[in-house]
Asks: 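Got a structure for you, questions after.
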Number of protein chains: 2
Amino acid sequence: MFSLKSKLSEKGLKITPQRLSILDAIYNINHPTADDIIKHIRQKHSNIAIGTVYKVLETFVQKGLIKRITTEKDVIRYDGLLRHHHHLYSTDTVLIKDYIDEELDKILVGYFKKKQIHGFEIEELTLQIKGKFNN
Amino acid sequence: MFSLKSKLSEKGLKITPQRLSILDAIYNINHPTADDIIKHIRQKHSNIAIGTVYKVLETFVQKGLIKRITTEKDVIRYDGLLRHHHHLYSTDTVLIKDYIDEELDKILVGYFKKKQIHGFEIEELTLQIKGKFNN
DNA sequence: TCCTAAATGAGAATAATTCTTATCAAAGAT
DNA sequence: ATCTTTGATAAGAATTATTCTCATTTAGGA
Ligand SMILES: [Mn+2]
Ligand SMILES: [Mn+2]
Ligand SMILES: [Zn+2]
Ligand SMILES: [Zn+2]
């Protein structure tokens with residue numbers, strides 16, 4: 001099952017209109033902020049409380065339904081793509097694009113299998129690729 | 001010259017006590033927030049306006065004296081280490097450690113020299129290494 | 001259908017950052 | 001050494017992002 005409802009129930013979360021629309025928003029906006037999500041939902045006339053959005057986002061992160069992504073800004077962005085991937089960050093604009101590359105992943109994992117980092121146990125390797133999008 | 005004063009004048013910035021103490025703080029705190037810097041400076045009795053700290057930090061970033069680093073939080077952290085490096089992020093705590101690895105850099109640059117990313121020109125490759133510090 | 005724990009809405013509170021404006025001071029010019 | 005000018009700083013207000021509180025509502029199992 002890949003419906004929004006099943007994603008919630010798989011995690012033992014109650015199905016509410018708010019949660020469904022937040023999840024829908026995350027899947028339809030590129031690495032959104034909480035505010036992006038609120039605006040998206042309110043376009044469709046469904047009102048939603050700001051506090052609810054933050055609360056639900058935190059719940060989703062805890063349950064592993066979404067992830068936070070890292071940025072240099074003081075605003076948190078979320079990611080609905082759970083499969084391991086990297087990101088292309090625009091140095092000009094605010095655009096962040098997903099970058100999936102299994103070959104790269106193998107190289108990285110292989111490298112750190114050989115080369116241990118003293119006193120540190122690696123859980124996840126994510127490459128931030130900064131640069132310019134051509135048009 | 002490696003003095004704090006020379007770092008400022010090399011960038012054409014006026015030498016002020018505030019700028020010197022902010023730069024000193026950055027070099028003596030591990031990836032600090034603006035608030036970390038303010039607290040550090042106020043320990044030594046020198047008072048400083050919060051707005052000044054933010055202003056100076058932004059100036060330093062613009063001039064390339066320091067860099068912002070990425071986090072999943074809504075607070076900005078700064079980095080005084082200009083040489084290219086990666087970061088170890090603790091999944092437990094707030095700790096972020098520098099990770100310098102030229103061999104890794106060569107592998108990454110080599111990989112993307114061969115494998116172009118369509119419609120994207122790479123400027124910087126930074127690996128985020130998340131995991132646990134063993135004590 | 002009922003019940004209850006969990007979720008939500010509304011608004012206050014807090015935290016992080018930016019903005020405004022009056023005053024101050026660095027540093028080049030005299 | 002003093003003057004002058006331009007940029008820097010202090011203080012506090014304003015804005016933005018997030019969290020908290022608590023009264024009300026609702027999902028979903030009994
Ligand atoms: Mn905040
Ligand atoms: Mn903010
Ligand atoms: Zn992504
Ligand atoms: Zn660093």
Side-chain angles (χ1 to χ4, degrees), chain A residues 3-26 29 31-42 45-63 65-66 68-78 94, chain B residues 3-25 29 31-42 44-63 65-66 68-78 94:
Chain A
S3 73
L4 297 182
K5 287 187 182 182
S6 65
K7 282 180 190 293
L8 292 176
S9 45
E10 274 168 18
K11 299 291 182 179
L13 294 171
K14 285 189 181 173
I15 294 163
T16 69
Q18 292 84 353
R19 282 174 173 174
L20 289 171
S21 56
I22 290 168
L23 204 47
D24 167 81
I26 290 165
I29 311 174
H31 303 107
T33 63
D35 194 57
D36 292 335
I37 292 167
I38 292 161
K39 289 201 173 83
H40 183 93
I41 293 173
R42 288 187 174 165
H45 306 358
S46 15
N47 194 19
I48 190 165
I50 292 169
T52 300
V53 173
Y54 281 101
K55 186 86 189 323
V56 167
L57 286 170
E58 187 52 29
T59 303
F60 286 179
V61 169
Q62 297 311 329
K63 293 287 184 177
L65 259 181
I66 64 174
R68 290 180 169 208
I69 68 173
T70 64
T71 75
E72 292 180 358
K73 300 289 178 56
D74 74 324
V75 55
I76 301 172
R77 291 185 174 275
Y78 298 88
V94 80
Chain B
S3 72
L4 296 182
K5 287 187 181 181
S6 65
K7 283 179 191 293
L8 292 176
S9 45
E10 275 169 16
K11 300 291 182 179
L13 295 171
K14 284 189 182 172
I15 294 163
T16 69
Q18 291 83 352
R19 283 174 172 172
L20 289 171
S21 56
I22 290 168
L23 205 47
D24 167 81
I29 311 174
H31 302 107
T33 63
D35 193 56
D36 292 335
I37 292 166
I38 292 161
K39 290 202 172 82
H40 183 93
I41 292 172
R42 288 188 172 164
K44 309 179 192 161
H45 309 22
S46 15
N47 193 21
I48 191 166
I50 292 170
T52 300
V53 173
Y54 281 101
K55 187 86 189 327
V56 167
L57 286 169
E58 188 51 28
T59 302
F60 286 178
V61 169
Q62 297 311 328
K63 293 288 184 177
L65 259 182
I66 64 174
R68 290 181 170 209
I69 66 173
T70 64
T71 73
E72 292 179 359
K73 300 291 178 54
D74 74 325
V75 57
I76 302 172
R77 289 185 175 275
Y78 299 88
V94 81

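Chain identifiers are assigned alphabetically (A, B, ...) following the order of the sequence lines, protein sequences preceding nucleic acid strands; residue numbering begins at 1 within each chain.
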Asks: Select one nucleotide: of C:dA10, C:dA16, C:dA27, the one nearest the side-chain heavy atoms of B:K14.
Replies: C:dA27
Asks: With rounding to the nearest 0.5 angstrom, report the CD1 to CG distance, B:I66 to B:L57.
Replies: 5.0 Å
Asks: What is the distance, to the nearest angstrom, from the CD1 atom on B:I38 to the C1' atom on C:dT17?
Replies: 10 Å
Asks: Calculate, to the nearest 0.5 Å, the distance between atoms CD1 and OG1 belonging to A:I76 and B:T71 respectively.
Replies: 8.5 Å
Asks: Does the side chain of B:D36 come under 3.5 Å of the side chain of B:T33 through a donor N or O and an acceptor N or O?
Replies: yes
Asks: Of the listed nucleotides (C:dT18, C:dG9, D:dT9), which one gets closest to any side-chain atom of B:R68?
Replies: C:dT18
Asks: Would you mind telling me which of D:dT9, C:dA16, C:dA26 lies closest to the side-chain atoms of B:V75?
Replies: C:dA16
Asks: Report yes if a side-chain nitrogen or oxygen of A:T16 is closer than 4.0 Å to either non-bridging phosphate oxygen (OP1 or OP2) of C:dT8; otherwise report no.
Replies: yes
Asks: Is B:Q18 close enough to D:dA10 that one of its side-chain N or O atoms is under 4.0 Å from OP1 or OP2 there?
Replies: yes
Asks: Can you tell me how far P of D:dA10 sits from CZ of B:R42, to the nearest Å?
Replies: 9 Å
Asks: By nearest heavy atom, map A:V53 and B:R77 onto DNA chain C; which one lands nearer the 5' end?
Replies: A:V53
Asks: Think B:N47 has a side-chain N or O under 4.0 angstrom from the OP1 or OP2 of D:dT9?
Replies: no
Asks: In whole Å, what is the span from the CD atom of B:E72 to the C1' atom of C:dA16?
Replies: 18 Å
Asks: Just how far, in rounded Å, is P of C:dT17 from CD1 of B:I48?
Replies: 15 Å
Asks: From OH of B:Y54 over to P of C:dA15, roughly how many Å is that when rounded to an integer?
Replies: 12 Å
Asks: Starting at CD1 of B:I76 and ending at P of C:dA16, how long is that distance when rounded to a whole Å?
Replies: 11 Å
Asks: Which part of the nucleic acid, if any, lies within reach of A:D35 when heavy atoms closer than 4.0 Å are counted: base, sugar-phosphate only, or nothing?
Replies: nothing
Asks: I want to confirm an ordering. Mapping A:G12 and B:G51 to their closest nucleotides on DNA chain C, which one lands closer to the 5' end?
Replies: A:G12
Asks: Side chain of A:R19 only, please: which of C:dT17, C:dA7, D:dA8 is the nearest?
Replies: C:dA7
Asks: Would you find a donor on one side and an acceptor on the other, under 3.5 Å apart, between the side chain of A:R68 and the backbone of A:V61?
Replies: no
Asks: Starting from the C-alpha separation in whole Å, work towards a yes-or-no answer on side chain to side chain contact (heavy atoms under 4.5 Å, CB included) for A:N47 and A:R42.
Replies: CA-CA 5 Å; A:N47 194 19; A:R42 288 187 174 165; 3.0 Å; yes
Asks: Starting at CG of A:D74 and ending at C1' of C:dT14, how long is that distance when rounded to a whole Å?
Replies: 14 Å
Asks: In whole angstrom, what separates A:K55's NZ from D:dC20's C1'?
Replies: 11 Å
